[in-house]
Number of protein chains: 2
Amino acid sequence: MAADIYKALADATRRAILDELQERDGQSLFELCTRLTMRHGLGSTRQAVSQHLDVLQEAGLVTVRREGRYKFHHLDTGPLREITARWPAPDQGES
Amino acid sequence: MAADIYKALADATRRAILDELQERDGQSLFELCTRLTMRHGLGSTRQAVSQHLDVLQEAGLVTVRREGRYKFHHLDTGPLREITARWPAPDQGES
DNA sequence: TTGACAGGCAAGTGACTGCTTGCCTATACA
DNA sequence: TGTATAGGCAAGCAGTCACTTGCCTGTCAA
């Protein structure tokens, strides 16, 4: 259920996770931890990233696919359309 | 400068302020307080709303026009484009 | 000039939140 | 079967944030 995509986006680490998943979709938790450290300079522990992924999943921005002992995370940018739909640009659809 | 539009959007009261300004642009602080209470059921004090407006202004989502002892607030949805530009929908190009 | 009105500044407080820490479950492979 | 790997759960801590409270500045009209 799309809990609160706004709160989900409020954290810089979570936004970095979305960036990472956009660049390489379907990463596991450990893969995300590694790449966040390497490419984004974030020293986040596994538990921290896991909690962030929970928030993103609650917001519907990340979907999860289980496979054996792995858990792959996929980006879903769909819920973000709500934002620009709520406050459209003045020269666009607003009447 | 556009501080952090994500943190600015994280609060429900601030989103209600944006809603209000979209419906009726150029409101003063007291006008906003009244309409937030009436139409959105928010019992926000003047100071609380004022602090929210500061955050929205920092984020570039609200611009301010002074006139005598009044201060009118205007909505600017431009910075919101950054969000959908950063994570575009997979099947549509950003435009 | 006086008083009412519109808004500003700053310290204090309670709740939330991101993160750590420690321990646990489950799957794969030797 | 035993062990390393991938991930989960929950309590505790510290920083942040929204909100209040109290007082101050600036504008306008009578």
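Naming: A, B, ... by sequence-line order, numbering from 1 per chain.
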Quick one: on DNA chain C, does A:K7 or A:E67 contact a more 5' nucleotide (nearest heavy atom)? A:K7
For [X] and [N], give me the distance from atom [atom1] to atom [atom2], rounded to whole Å.
| X | N | atom1 | atom2 | answer |
| --- | --- | --- | --- | --- |
| A:L53 | C:dC19 | CG | P | 12 Å |
| B:Q57 | C:dG7 | CD | P | 13 Å |
| B:L56 | D:dA18 | CG | P | 10 Å |
| B:Q27 | C:dA6 | CD | C1' | 15 Å |
| B:H52 | C:dG7 | NE2 | P | 17 Å |

Under a 4.0 Å heavy-atom cutoff, the residues of residues 10-19 of chain A touching DNA chain C are A:D11, A:T13, A:R14
Nearest 0.5 Å please: distance from the CZ atom of A:R86 over to the CD atom of B:Q22. 9.0 Å
Pairwise distance NZ(A:K71) to CG(A:L29) - rounded to 0.5 angstrom: 8.0 Å
Is it true that the side chains of B:Y6 and B:E82 contain a donor and an acceptor less than 3.5 Å apart? yes
Report, as a single string ordered 5' to 3', how protein heavy atoms within less than 4.0 Å touch nucleotides 1-11 of chain D: B base, S sugar-phosphate only, - not at all. ---BBSBBBB-
Do the side chains of B:L32 and B:L53 get nearer than 4.5 Å, heavy atoms only? yes
Side chain to side chain contact (heavy atoms under 4.5 Å, CB included) with A:R65: which residues, sequence neighbours excluded? A:E67, A:F72, A:H74
Treating B:T37 as the side-chain partner and B:L42 as the backbone partner, does any N or O pair qualify as donor plus acceptor under 3.5 Å? yes
Of B:D76, B:D19, B:T77, the residue whose pairing with A:W87 passes side chain to side chain donor-acceptor pair (under 3.5 Å): B:D19
